[in-house]
There are 2 protein chains.
Amino acid sequence: MEAVKPKRRTRIQTEKREIILEAALEVFAQHGFRGATIDQIAEAAGMSKPNLLYYFRSKEDIHVTLMQRLLQTWLAPLRELDDIDDPITELRSYIRRKLEMARDYPRESRLFANEILQGAPRVMPMLEGELKDLVDEKAQIIRGWMRDGRIVRTDPWHLIFAIWATTQHYADFDVQVRAVLGPDRGAEGRFEDAARFLEQLFIEGLKPKG
Amino acid sequence: MEAVKPKRRTRIQTEKREIILEAALEVFAQHGFRGATIDQIAEAAGMSKPNLLYYFRSKEDIHVTLMQRLLQTWLAPLRELDDIDDPITELRSYIRRKLEMARDYPRESRLFANEILQGAPRVMPMLEGELKDLVDEKAQIIRGWMRDGRIVRTDPWHLIFAIWATTQHYADFDVQVRAVLGPDRGAEGRFEDAARFLEQLFIEGLKPKG
DNA sequence: GCAAATTTTGACCGATTGGACAAACGTTAG
DNA sequence: CTAACGTTTGTCCAATCGGTCAAAATTTGC
């Protein structure tokens with residue numbers, strides 16, 4: 001294992017890199033990697049293009065840095081799923097955490113969705129490595145619950161996919177959800193309704209019969 | 001209501017436009033609107049760029065034409081949902097049709113996802129009009145079933161969102177699904193498993209108690 | 001306070017982009 | 001056969017793209 005370069009950073013470097021990443025998140029999430037331009041990111045970050053390129057060597061460099069951080073944030077809720085509480089409580093709070101992430105970090109969700117849609121050209125190794133390992137591990141826990149009859153038997157992997165799909169839908173397809181539901185109910189109301197619905201769908205459906 | 005221009009088309013025009021749309025679907029679905037270039041589409045369609053621009057005035061023109069068709073295909077499964085068969089049968093076949101579309105038309109699904117992710121700049125009116133009207137109509141049918149106690153009470157709109165999200169997930173996030181499940185099971189197996197899982201999740205969960 | 005190091009900028013570059021255009025090439029009806 | 005119309009192509013263009021560079025401005029260490 002090679003040690004990563006020391007990368008000593010001045011105070012200004014640390015701050016400006018942060019500002020750039022925040023701006024890039026906004027722009028990448030809205031336009032995708034190819035659709036975003038360095039000029040847009042620079043403007044959103046309040047600096048000139050050459051100035052931005054002083055802090056990141058290239059557009060790709062920004063994107064890679066962003067995706068690395070993002071994946072850690074993204075996997076956090078699933079990492080917390082363990083065998084401590086009872087299955088229903090564990091799954092309920094996993095779904096809630098995931099939905100809260102979709103509500104509070106929609107740009108991160110869209111950035112990730114964009115990357116996967118394009119075929120994950122920059123994160124495929126992480127999907128096949130870190131992500132797969134984590135999902136397999138958690139699927140085994142869920143499978144254990146099923147074997148013990150504590151929740152109904154079903155496919156744990158597809159259960160996880162379904163939780164991802166339904167929760168992230170509220171971030172990725174937000175404009176569609178808003179268009180269909182109309183302006184009657186604000187963002188808070190939508191998420192309350194979604195939380196109630198998803199809890200019923202997954203939790204009631206998973207409780208063991210009788 | 002203005003009548004649309006006659007648009008007389010020769011045999012060659014009809015054929016070539018079809019070839020271009022097929023090629024554009026492939027390219028747009030993989031790279032998004034901004035990421036796709038006219039040259040790429042022209043090459044995929046087996047013709048020169050100026051030749052392509054003889055059949056479509058601009059890149060946007062191609063995209064708009066594609067999205068209009070797409071939306072009709074996309075809404076078809078939901079249109080078929082009606083009050084003829086019993087609720088469980090109706091919903092089961094809606095879910096199956098939707099999942100089959102994700103399997104058989106993944107490019108269309110990704111193209112649509114791309115458009116929504118970018119904020120639906122080109123189809124927003126259709127979402128707020130045609131789509132909303134259709135969903136509202138079908139939600140009323142589902143609500144009727146709930147009132148009659150034929151399926152459990154829940155939010156019909158969010159139920160429809162959940163069906164969209166879970167089925168389209170297998171098209172839009174295909175590379176992630178494949179990365180996590182590994183190569184053990186081929187595409188057919190994955191979709192069989194998904195179909196079984198989704199049926200259990202939605203149908204068992206919706207059957208009236210007792 | 002000053003020299004060294006860091007940060008910022010304007011000007012610039014080659015490549016790619018969407019699109020225009022006129023000339024050349026095909027096709028077809030009379 | 002040929003004139004009219006439909007199709008195809010090579011060439012070109014202005015705009016935009018990611019990125020470079022040297023010089024100017026600023027901050028920092030002493």
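To find a chain, count down the sequence lines: A is the first, B the second, and so on, and within it residues start at 1.
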**Report entry** Whole-Å gap separating P (D:dG18) and CD (A:E43)
**Finding:** 14 Å

Query raised in the report: With a cut-off of under 6.0 Å to the ring centre and 45° to the axis, is A:K138 in cation-pi contact with A:W157?
Result: no

Query raised in the report: Between atom CD1 in A:I38 and atom P in C:dA15, what is the gap in whole Å?
Result: 17 Å

Query raised in the report: Cation-pi between A:R107 and A:F28: NZ/CZ under 6.0 Å from ring centre and within 45° of the ring axis?
Result: no

Query raised in the report: A:F56 CZ to D:dT20 C1': how many Å, rounded?
Result: 19 Å

Query - Ring geometry between A:W74 and A:F112 (parallel below 30°, tilted from 30 to 60°, perpendicular above 60°) - result: tilted

Query raised in the report: What residues form a salt bridge (charged side-chain N to carboxylate O under 4.0 Å, His left out) with A:D193, not counting sequence neighbours?
Result: A:R185, A:R196

Query raised in the report: Roughly, in whole Å, what's the span from CZ in A:R17 to P in C:dT7?
Result: 12 Å

**Report entry** Sugar-phosphate or base contact per nucleotide [nucleotides 7-14 of chain D; S, B, -; heavy atom under 4.0 Å]
**Finding:** BBBBB---

**Report entry** Minimum-distance nucleotide (side-chain atoms of A:D39 versus D:dC17, C:dT17, D:dG19)
**Finding:** D:dC17

Requested in this report: Enter the distance from B:F161:CZ to A:F197:CZ here, rounded to the nearest 0.5 Å.
Outcome: 10.5 Å

Query - Ring-face cation of A:R17 near A:F56 (centre distance under 6.0 Å, axis angle within 45°) - result: yes

Requested in this report: Can you tell me the distance, in whole Å, between the CD1 atom of B:I62 and the P atom of C:dT17?
Outcome: 15 Å

Requested in this report: Report the distance from atom NZ of B:K59 to atom P of D:dA15, rounded to the nearest whole Å.
Outcome: 18 Å

Report task. Classify the angle between the aromatic ring planes of A:Y170 and A:F191 as parallel (below 30°), tilted (30 to 60°) or perpendicular (above 60°). Result -> tilted

Report task. Write down the distance between CD (B:E60) and C1' (C:dT17), rounded to a whole number of angstrom. Result -> 15 Å

Report task. Could you tell me whether B:A36 contacts a base, only the sugar-phosphate backbone, or nothing, with contacts defined as non-hydrogen atoms closer than 4.0 Å? Result -> sugar-phosphate

Requested in this report: Mind checking A:L53 for me? I need base, sugar-phosphate or nothing, with any heavy atom below 4.0 Å counting as a touch.
Outcome: base

Report summary line: Whole-Å distance, A:E15 CD to C:dT8 P, equals 10 Å

